[in-house]
Enquirer: 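Handing you a structure now.
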Amino acid sequence: MPELFAGRPRGPLSEAVGRIAAMNVTPVTPPRPIDVAAVFPRLAPLARTATRLHPRPGAPTRHDSSIGGPLLWPAEEPWPYCREPHVVDGVNPALSPADLRLERRIFAASHGRDLTPEERETLERIRPPRTYPARPAVQAYDGPMAMLPVAQLYVRDVPDLSPPEGKDLLQVLWCPFDHPIMPRTLLFWRSAAAVTGILDAPPEPSAVQFGGYLPEPCVLEPERITEYPDHLELSEELREQLRQWSVPQAAGEDMDPDTYYDCVLSNAPGWKVGGWPAWNSTDPSPQSCSECGTGMELLMTVATFEEGDDAGNSWSPHPHPGAGPYPGHRGYNATGVQIGSGYRQHLFVCPAEPEHPHIESMTYPSAVWSRGATASPSEKARGRPATRSSATRKPVTWKPARLRTGLPGWFRTSRTRPR
């Protein structure tokens with residue numbers, strides 16, 4: 001058994017972060033205040049590398065790794081559309097991508113001054129003032145919805161990508177509507193060298209359900225780090241040892257000892273590839289590949305914020321890159337993406353064959369939602385995403401999740417997407 005009170009940092013975590021922040025260096029994750037694997041050697045074989053993407057506002061090209069940037073998309077390949085129902089609640093207006101971008105430009109230009117009459121008029125056109133009492137009117141959009149680019153990742157930039165043989169580029173797109181509580185994603189693995197003719201002007205959806213589903217173009221500054229599992233993925237014995245050991249560690253940072261390990265030493269917040277998922281308030285949900293039964297592994301995390309939940313913001317890269325898609329935006333969120341009420345969307349893939357159907361999940365305080373899809377042989381042969389025609393749709397299966405809070409939760413485990 002490790003020495004439960006060993007490994008204490010000499011000074012508060014906030015002081016260590018402050019010293020690193022003063023250095024004039026490329027943004028990097030501060031080192032963990034404690035080498036937890038040295039204190040608990042049983043964690044060492046569970047270490048995984050992850051690549052933090054560190055998105056920064058910029059103007060990426062099709063030949064760059066990016067969030068929300070243009071894709072290296074073959075001109076001869078049809079752009080993907082979502083053909084499932086698209087419904088809004090009538091309270092949150094679904095806006096066009098053009099209006100959302102215009103709204104963001106106005107907020108950025110008017111930071112630190114009053115709005116001009118023209119700007120105010122434009123903002124009121126985009127989001128008309130509400131009248132009360134509110135009378136929500138559910139609205140459905142007819143026809144397919146063009147998918148939006150979310151991420152483009154070249155293997156040369158992201159060492160924790162494990163592509164299929166002969167592929168060196170991952171492209172992630174999503175439908176900017178909830179299905180049912182998060183955007184539905186598509187993954188495309190391809191060889192960049194095989195793309196000759198490029199689609200210059202891909203279609204855009206007519207509406208976006210929430211502004212947080214339209215990513216701002218960001219360049220990336222990838223950084224490789226080491227992560228350890230969420231405490232709920234550890235044995236009960238190791239959990240208890242960590243809990244006891246965390247009491248004095250957490251006291252020095254004015255933190256809850258029950259969350260100290262997860263917040264400070266386990267896995268990084270923010271956009272990343274690989275590593276370990278954070279389960280927030282729910283128990284872990286192991287999933288198997290629907291085609292070969294292999295245990296799924298975390299491919300990518302889509303996050304609302306880059307900062308963590310610890311008091312010292314120990315995961316924040318330093319020097320701190322600034323805040324938001326426009327000055328004054330709450331928190332550090334260069335991408336403008338918001339998942340749920342500020343949570344994470346995890347994408348899991350089959351490590352044996354990454355082009356097998358993937359699974360999406362969102363962790364938030366009261367439940368975990370998860371869903372998967374199946375791919376037809378013809379789609380796999382063409383390198384198409386995991387979809388199938390509605391005529392072959394399988395029934396949706398739900399199963400309960402065990403929650404830390406004891407509240408009911410569900411996993412969506414079997415669903416196909418229409419072609």
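Everything numeric here is computed off the predicted structure, so don't read it as measured data.
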Enquirer: Roughly how far apart are Asn333 CG and Cys218 SG, rounded to 0.5 Å?
Expert: 8.5 Å
Enquirer: Side chains of Arg48 and Thr226 only: does a donor on one sit below 3.5 Å from an acceptor on the other?
Expert: no
Enquirer: Is there a donor-acceptor contact under 3.5 Å linking the side chains of Thr185 and His358?
Expert: yes
Enquirer: Is there a donor in the side chain of Gln171 and an acceptor in the side chain of Trp189, or the other way round, less than 3.5 Å apart?
Expert: no
Enquirer: Could you pull out the closest heavy-atom pair between Pro215 and Ile67, with the gap in Å?
Expert: CB-CG2, 4.3 Å
Enquirer: How long is the span from the CH2 atom in Trp73 to the CG atom in Leu173, to the nearest 0.5 Å?
Expert: 5.5 Å
Enquirer: Determine whether Pro229 and Leu234 make a side-chain contact, defined as any pair of heavy atoms from C-beta on separated by less than 4.5 Å.
Expert: yes
Enquirer: I want to check something: taking the side chain as every heavy atom from C-beta on, are Glu237 and Gln241 in contact at a cut-off of under 4.5 Å?
Expert: yes
Enquirer: If you take all heavy atoms of Arg104 and Glu216, which pair is closest and at what distance?
Expert: NH1-OE2, 2.7 Å
Enquirer: Looking at Arg239, I want to see if its CZ is surrounded by more than 12 non-hydrogen atoms of other residues, nucleotides or ligands under 6.0 Å.
Expert: yes
Enquirer: Hey, does the side chain of Gln209 reach the backbone of Asp178 with a donor-acceptor pair shorter than 3.5 angstrom?
Expert: yes
Enquirer: Please determine which of Phe210, Tyr213, Tyr141 meets the ring-ring contact (aromatic ring centres under 6.0 Å, His included) test together with Phe177.
Expert: Tyr141
Enquirer: Going by heavy atoms in the side chains, are Cys350 and Met296 under 4.5 Å from each other?
Expert: yes
Enquirer: Please name the pair of heavy atoms, one in Pro277 and one in Leu298, separated by the smallest distance, quoted to 0.1 Å.
Expert: N-CD2, 3.6 Å
Enquirer: Taking all non-hydrogen atoms of both residues into account, name the closest pair between Ala192 and Asp168 and its distance.
Expert: N-OD1, 2.8 Å
Enquirer: Do any N or O atoms from the side chain of Gln338 and from the backbone of Gly340 form a donor-acceptor pair under 3.5 angstrom?
Expert: yes
Enquirer: side-chain contact (heavy atoms from CB on, under 4.5 Å) between Leu242 and Phe40: does it pass, once the steps are laid out?
Expert: CA-CA 8 Å; Leu242 276 167; Phe40 296 92; 3.6 Å; yes
Enquirer: Which is it for Thr49 and Glu227 under the side-chain contact (heavy atoms from CB on, under 4.5 Å) test, yes or no, and what are the steps along the way?
Expert: CA-CA 6 Å; Thr49 57; Glu227 295 189 335; over 6 Å; no
Enquirer: First locate atom CD of Glu223, then atom CD1 of Ile225, and finally report the distance between them rounded to the nearest 0.5 Å.
Expert: 6.5 Å
Enquirer: At their closest point, which heavy atom of Gln152 faces which heavy atom of Thr61, and how far apart are they?
Expert: NE2-O, 4.2 Å
Enquirer: Side chains of His54 and Thr29: does their closest heavy-atom pair fall under 4.5 Å?
Expert: yes
Enquirer: Keeping the roles fixed (side chain from Ser266, backbone from Tyr228), state whether a donor-acceptor pair exists under 3.5 Å.
Expert: yes
Enquirer: What do the steps show when you test Ser65 against Arg156 for side chain to side chain donor-acceptor pair (under 3.5 Å), and what is the final call?
Expert: CA-CA 9 Å; Ser65 292; Arg156 66 170 187 259; 5.4 Å; no
Enquirer: Measure the shortest side-chain to side-chain distance between Pro97 and Leu100 over non-hydrogen atoms and say whether it is less than 4.5 angstrom.
Expert: no
Enquirer: A side-chain contact here means heavy atoms from C-beta on lying under 4.5 Å apart; do Val172 and Phe188 qualify?
Expert: no
Enquirer: Taking Glu353 for the side chain and Glu355 for the main chain, is one N or O donor matched with an acceptor at less than 3.5 Å?
Expert: yes
Enquirer: With distance as the sole test, does Trp79 use its side chain to make a donor-acceptor pair with the main-chain N or O of Met147 at under 3.5 Å?
Expert: yes
Enquirer: If we only count heavy atoms from C-beta on, is the Leu220 to Asp157 side-chain gap below 4.5 Å?
Expert: no
Enquirer: Please report the interatomic distance CD1(Ile126) to CG(Asp99), rounded to the nearest 0.5 Å.
Expert: 4.5 Å
Enquirer: So, does Thr304 use its side chain to make a donor-acceptor pair with the main chain of Ile339 at under 3.5 Å?
Expert: yes
Enquirer: Show the numbers, then the answer: is there a side-chain contact (heavy atoms from CB on, under 4.5 Å) between Val349 and His356?
Expert: CA-CA 7 Å; Val349 294; His356 282 175; over 6 Å; no
Enquirer: Whether the side chain of Ser66 engages the backbone of Gly68 through a donor-acceptor N/O pair (distance < 3.5 Å, no angle test) should be reported.
Expert: no
Enquirer: At their closest point, which heavy atom of Asn92 faces which heavy atom of Arg130, and how far apart are they?
Expert: OD1-NH2, 4.2 Å
Enquirer: After noting the C-alpha distance and the side-chain angles of Glu306 and Arg56, does the key distance pass the salt bridge (Lys or Arg N to Asp or Glu O under 4.0 Å) rule?
Expert: CA-CA 11 Å; Glu306 292 295 297; Arg56 306 282 183 269; 5.6 Å; no
Enquirer: Going through the distances and angles, do Ile106 and Thr122 end up as a side-chain contact (heavy atoms from CB on, under 4.5 Å)?
Expert: CA-CA 9 Å; Ile106 291 174; Thr122 300; 3.7 Å; yes
Enquirer: From Leu43 CG over to His231 NE2, what is the distance, rounded to the nearest 0.5 angstrom?
Expert: 12.5 Å
Enquirer: Under 4.0 Å between a side-chain nitrogen and a carboxylate oxygen: does that hold for Glu236 and Arg243?
Expert: no
Enquirer: Using a distance-only test with no angle check, is there a side-chain donor-acceptor pair under 3.5 angstrom linking His346 and Glu360?
Expert: no
Enquirer: Rounded to the nearest 0.5 Å, what separation is found between the CE atom of Met300 and the CD atom of Gln345?
Expert: 9.5 Å
Enquirer: Any donor-acceptor pair under 3.5 Å linking the side chain of Glu297 with the backbone of Phe348?
Expert: no
Enquirer: Is the distance between the ring centroids of Trp245 and Tyr261 under 6.0 Å?
Expert: no
Enquirer: How about His86 and Cys175: do any of their side-chain heavy atoms sit closer than 4.5 Å?
Expert: yes
Enquirer: Does the Ser110 side chain pair with the main chain of Arg113, one donor and one acceptor, at a distance under 3.5 Å?
Expert: no
Enquirer: Is any NZ, NE, NH1 or NH2 atom of the basic residue among Arg52 and Glu221 found under 4.0 Å from an Asp or Glu carboxylate oxygen of the other?
Expert: no
Enquirer: Decide if atom CD of Glu76 counts as having more than 12 heavy atoms of other residues, nucleotides or ligands within a radius under 6.0 Å.
Expert: yes
Enquirer: Mark yes or no for whether Arg32, through its side chain, and Pro30, through its backbone, hold a donor-acceptor pair below 3.5 Å.
Expert: yes
Enquirer: Under the side-chain contact (heavy atoms from CB on, under 4.5 Å) test, which residues partner Val158, sequence neighbours left out?
Expert: Thr51, Leu53, Leu153, Leu161, Val273
